[in-house]
Amino acid sequence: MIASAAIRRQGLRLAALACVVALVLSVLLPGDRYLVRIFTLVGVNLIMVTGLSLLFGYAGQISMGHAAFFGLGAYTSGVLTKGGMPWVLALGAGVAVAAVVGLLLAMPSLRLKGHYLAMATLGFGEIVLFVFGEFESVTGGSNGLRQIPAAQVGSYAFDTPVAKYLLIWSVAFLVLIMASNLVRKRPGRALRAIHGSERGAQACGIDTRRVKVQVFTLSAALAGLAGVLYAHYVGFISPSTFSVSLSLVLVTMVALGGMGSLPGAVIGTVLLTLLPYADAILPGLSRETVAFLQDWETDIHGMVLILVMLFMPHGLAGLVRSIGTRLFAKRVRPALSRAGDTR
Amino acid sequence: MTMLSVRGITRRFGGLVAVSDVSFDVYEGTILAIIGPNGAGKSTAFNLLTGFDRPDAGTVEFEGLPLRGLKPHRITRRGIARTFQDAQLFDEMSVLDNVLVGTHVWTKTGFLGAALHLPGVSREERLAREQALHLLRLVSLEDLADSLAGDVPHGQRRLVEIARALATRPRLLLLDEPAAGLNSAETRQLADTLRRIRDTGVTIVIVEHDMGLVMEISDQVIVLNEGRKIAEGPPRIIQKDPAVIEAYLGGDDADA
């Protein structure tokens with residue numbers, strides 16, 4: 001029974017991956033630039049949300065400052081490539097800066113729990129945003145950083161929308177596959193154990209502080225990676241992109257999809273990223289509706305977060321699971337009653 | 001041979017002395033029971049031995065080496081596993097995954113290895129799974145392997161926690177009231193399980209209220225009352241000890 005469950009999970013995983021690949025490629029078919037642009041943003045967000053899902057969804061440690069790591073990656077790589085550094089090196093530097101800052105923030109902050117950790121990371125996000133805005137000689141201040149060159153590997157430049165789209169989604173895929181490997185193995189169990197009971201995890205020999213710092217650093221690095229890709233995709237960055245409201249949206253994406261579920265995080269990311277661009281997917285949508293969604297985007301995110309916390313603590317993934325359990329209830333009950341017999 | 005040597009441990013909480021100058025030895029291959037009325041300091045003593053709390057005075061040596069200042073995960077890695085009075089299971093994980101977390105002590109796969117699925121990861125994973133399933137069979141919970149730990153009935157939660165503790169491959173196992181909430185049939189089964197565990201070479205210290213269980217399985221008993229050790233000896237002697245009878249009958253816990 002356990003073996004068959006494992007095979008079923010593996011099968012589901014492959015099917016899910018195949019679906020995502022097919023969907024991602026199908027976006028290119030109509031040759032619609034708007035559609036490609038929107039889904040490129042989905043890819044960028046997905047890289048960030050995957051990292052945040054490991055930190056928040058799996059390990060249960062919130063960060064309200066992930067937009068700052070996104071920004072650190074974007075600015076580092078933007079500034080360096082404008083200074084003439086090859087993109088590949090700037091990519092490494094952007095990720096490294098985000099990771100190192102993440103590590104430095106994590107070491108003192110992860111002693112904190114719950115609201116206190118949220119406040120500390122929130123404050124950190126504000127400080128970084130302030131630096132982006134005030135450090136004009138390097139960052140361009142509130143005017144932002146313009147004419148960031150496209151990503152370039154050797155002599156090949158990713159300078160068309162389709163090339164950029166494929167680059168970003170290739171990275172997103174790699175990140176997603178690695179994350180899904182990770183969560184099903186020893187490190188993933190450590191993360192979930194810390195979420196479940198920190199004392200229990202310690203009693204199992206897990207150095208909870210160390211693992212929390214590791215996963216925070218990893219998720220900061222992934223946000224930095226997304227930042228680098230974003231900067232060279234749009235070519236222009238300014239502080240407003242990396243505000244706390246983005247951090248909040250990322251947290252909402254994880255929560256909406258479901259804590260401790262990567263497929264959930266993917267769905268949450270897709271839904272909330274597409275929300276303001278709903279007309280690209282649903283062509284029949286009236287202009288007023290789209291305008292409403294765009295004007296009220298932040299409020300909708302807030303409402304979604306509140307509603308999920310109140311009524312759907314396990315998010316969409318939890319909803320799907322509980323429907324599945326109800327449909328296959330007959331399969332579950334015998335297992336329980338058999339165990340009851342052993343008393 | 002002495003496995004654990006506790007000398008004069010004391011722990012004060014404000015004006016209250018929860019554990020006062022307690023000393024005892026645990027011998028390899030035996031089952032030691034710590035009994036006493038509620039509030040006698042038993043759980044505090046456990047926390048002092050496992051690094052979840054620090055003694056104000058006294059020393060603890062395990063296999064000849066002091067445990068002073070070690071964090072809980074280090075002590076587990078030294079070979080001491082424990083369960084909690086309020087089973088600290090990972091409710092959102094399956095029973096099998098709970099036990100697999102216990103294998104972390106002797107498995108190595110890190111973030112990078114798992115993400116890249118480096119060679120050896122699958123092998124280690126398979127080994128850990130075999131071990132975890134074996135331990136679930138030992139506590140007769142193999143049928144619940146795929147259930148969420150949060151859905152497991154109260155009495156069996158403790159068995160999951162015992163299997164998880166064993167997965168760390170301990171040489172000393174500390175159990176905090178494993179029989180609480182079990183009916184008499186379940187308690188008898190628990191006694192069998194504990195003896196089987198002892199027979200695999202694991203030394204056991206058990207904090208327990210159920211005197212029937214204590215008398216049945218333990219080789220040695222120590223009695224705590226108001227933080228002090230008031231008696232020590234084999235179960236048959238302890239049962240007749242006037243100080244012990246006084247402590248129990250004098251306290252609220254006359255049902256023991």
Side-chain angles (χ1 to χ4, degrees), chain A residues 1-6 9 54 58 60 174-175 177-211 214-215 217-218 259-261 314 318 321 325 331-332 334-343, chain B residues 50-52 71-77 81-84 87-93 96-98 100-111 113-117 121 124-125 128-129 133 140-147 149 151-153 155-156 161 164-165 167-168 183 185-186 189:
Chain A
M1 193 185 115
I2 291 153
S4 75
R9 272 197 296 274
L54 295 176
Y58 280 84
L174 284 178
V175 167
I177 288 170
M178 292 204 285
S180 90
N181 280 340
L182 186 118
V183 298
R184 289 173 308 116
K185 296 272 157 51
R186 181 175 181 269
R189 286 192 294 266
L191 298 179
R192 299 173 70 196
I194 288 171
H195 194 179
S197 160
E198 215 157 302
R199 284 196 297 158
Q202 288 166 351
C204 290
I206 293 171
D207 186 346
T208 52
R209 238 177 74 68
R210 188 185 145 94
V211 173
Q214 280 178 330
V215 71
T217 307
L218 174 63
M259 302 285 282
S261 164
H314 294 90
R321 258 200 306 273
T325 310
R331 275 189 211 169
V332 175
L336 282 172
S337 63
R338 226 183 307 144
D341 293 343
T342 63
R343 288 176 172 207
Chain B
T50 50
F52 283 89
K71 288 188 172 162
H73 72 270
R74 292 255 168 241
I75 290 181
T76 306
R77 285 172 177 272
R82 70 166 294 176
T83 65
F84 295 86
Q88 294 289 317
L89 293 185
F90 315 123
D91 284 344
E92 304 278 330
M93 300 170 73
L96 180 64
D97 277 346
N98 265 267
L100 278 168
V101 174
T103 68
H104 274 236
V105 169
W106 51 272
T107 50
K108 293 189 179 65
T109 302
F111 279 82
L116 300 179
H117 211 291
V121 170
E124 185 181 88
E125 184 78 8
R129 264 167 205 280
L133 283 169
S140 311
L141 285 183
E142 65 270 32
D143 288 336
L144 289 180
D146 277 338
S147 307
D151 294 341
V152 171
Q156 286 162 328
E161 215 188 9
R164 188 179 75 186
T168 68
N183 64 35
E186 287 168 333
Q189 207 197 342

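Predicted model, so just to flag it, every value in this text is computed and none were measured. Convention: sequence-line order gives letters A, B, ...; per-chain numbering from 1.
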Chemist: Which one, A:Arg199, A:His195, A:Gln202, leads in non-hydrogen pairs under 4.5 Å with chain B?
Modeler: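 Among A:Arg199, A:His195, A:Gln202, the one with the most close pairs to chain B is A:Arg199.
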Chemist: What part of A:Ala190 lies closer than 4.5 angstrom to a heavy atom of chain B: side chain, backbone, both or neither?
Modeler: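 Both the backbone and the side chain of A:Ala190 come within 4.5 Å of chain B.
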Chemist: What are the two closest non-hydrogen atoms of B:Phe84 and A:Gly200, and how far apart are they?
Modeler: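 Scanning both residues, the minimum pair turns out to be CE1-CA, 4.2 Å.
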Chemist: Looking at every non-hydrogen atom in both residues, tell me the closest pair between A:Ile206 and B:His73 and how far apart they are.
Modeler: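 Residues A:Ile206 and B:His73, closest heavy atoms: O-CB, 3.3 Å.
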Chemist: Which one, B:Arg82, B:Arg74, B:Lys108, leads in non-hydrogen pairs under 4.5 Å with chain A?
Modeler: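 Most pairs with chain A among the choices: B:Lys108.
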Chemist: Please report the closest heavy-atom contact between B:Phe111 and A:Leu182, naming both atoms and the distance.
Modeler: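 Smallest interatomic distance, heavy atoms only, reads O-CD1, 3.2 Å.
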Chemist: With a 4.5 Å cut-off on side-chain heavy atoms, are A:Arg184 and B:Glu125 touching?
Modeler: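 Counting from C-beta outward, B:Glu125 and A:Arg184 never come under 4.5 Å.
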Chemist: Taking all non-hydrogen atoms of both residues, which atom of B:Met93 and which atom of A:Ala193 are closest, and how far apart?
Modeler: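 Looking at all heavy atoms of both residues, the shortest contact is SD-N, 3.8 Å.
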Chemist: B:Phe52 versus chain A, heavy atoms under 4.5 Å apart: side chain, backbone, both or neither?
Modeler: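 Side chain of B:Phe52 only, per the 4.5 Å heavy-atom cut-off to chain A.
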Chemist: Between B:Asp97, B:Asn98, B:Thr50, which has the largest tally of heavy atom pairs under 4.5 Å with chain A?
Modeler: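 Most heavy-atom pairs under 4.5 Å with chain A: B:Asp97.
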Chemist: Against chain A, label B:Leu89 side chain, backbone, both or neither, depending on which of its atoms sit under 4.5 Å from a heavy atom there.
Modeler: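 Only the backbone of B:Leu89 comes within 4.5 Å of chain A.
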Chemist: Give a yes or no answer on whether the side chain of A:Arg186 reaches the backbone of B:Thr107 with a donor-acceptor pair at less than 3.5 Å.
Modeler: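 Yes; judged by distance alone, with no hydrogens or angles, the pair exists.
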Chemist: Tell me, side chain or backbone of B:Glu161 under 4.5 Å from chain A's heavy atoms, or both, or neither?
Modeler: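 For B:Glu161, there is no contact with chain A at all, as no heavy atom is under 4.5 Å.
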Chemist: So for B:Thr168, is it side chain, backbone, both, or neither that comes closer than 4.5 Å to the heavy atoms of chain A?
Modeler: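 For B:Thr168, side-chain heavy atoms alone lie under 4.5 Å from chain A.
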Chemist: Looking at B:Val152, B:Thr83, B:Thr76, which one has more heavy-atom pairs under 4.5 Å with chain A than the rest?
Modeler: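 Option with the greatest count: B:Thr76.
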Chemist: So, B:His104 side chain and A:Gly205 main chain: donor-acceptor pair closer than 3.5 Å or not?
Modeler: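 Answer holds: no.
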Chemist: What distance do A:Ile177 atom CD1 and B:His117 atom NE2 have between them, rounded to the nearest 0.5 Å?
Modeler: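 Atom-to-atom, A:Ile177:CD1 and B:His117:NE2 are 12.0 Å apart.
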Chemist: Is the backbone of B:Val101 close enough, under 3.5 Å, to the side chain of A:Arg189 for a donor and an acceptor to pair up by distance?
Modeler: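 Side chain of A:Arg189 to backbone of B:Val101: no pair is present.
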Chemist: Let me know if A:Leu174 has heavy atoms under 4.5 Å from chain B in its side chain, its backbone, both or neither.
Modeler: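 Neither the backbone nor the side chain of A:Leu174 comes within 4.5 Å of chain B.
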Chemist: Please flag which part of A:Leu191 lies under 4.5 Å from any non-hydrogen atom of chain B: side chain, backbone, both or neither.
Modeler: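 The answer is the side chain of A:Leu191.
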Chemist: So which of B:Leu100, B:Val105, B:Asp91 has the largest heavy-atom pair count under 4.5 angstrom toward chain A?
Modeler: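 Of the candidates given, the most pairs with chain A belong to B:Leu100.
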Chemist: Between B:Ala114, B:Gly51, B:Ala115, which has the largest tally of heavy atom pairs under 4.5 Å with chain A?
Modeler: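 Max contact count across the listed options: B:Ala115.
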Chemist: Flag the one option from B:Glu124, B:Arg164, B:Lys71 with the top tally of heavy-atom pairs under 4.5 Å to chain A.
Modeler: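 Of the options given, most contacts go to B:Arg164.
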Chemist: What residue in A:Gly196, A:Ala203, A:Ala201 has the most heavy-atom pairs under 4.5 Å with chain B?
Modeler: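 Counting heavy-atom pairs under 4.5 Å, the top option is A:Ala203.
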Chemist: Do A:His314 and B:Glu92 have side-chain heavy atoms sitting under 4.5 Å apart?
Modeler: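 In contact.
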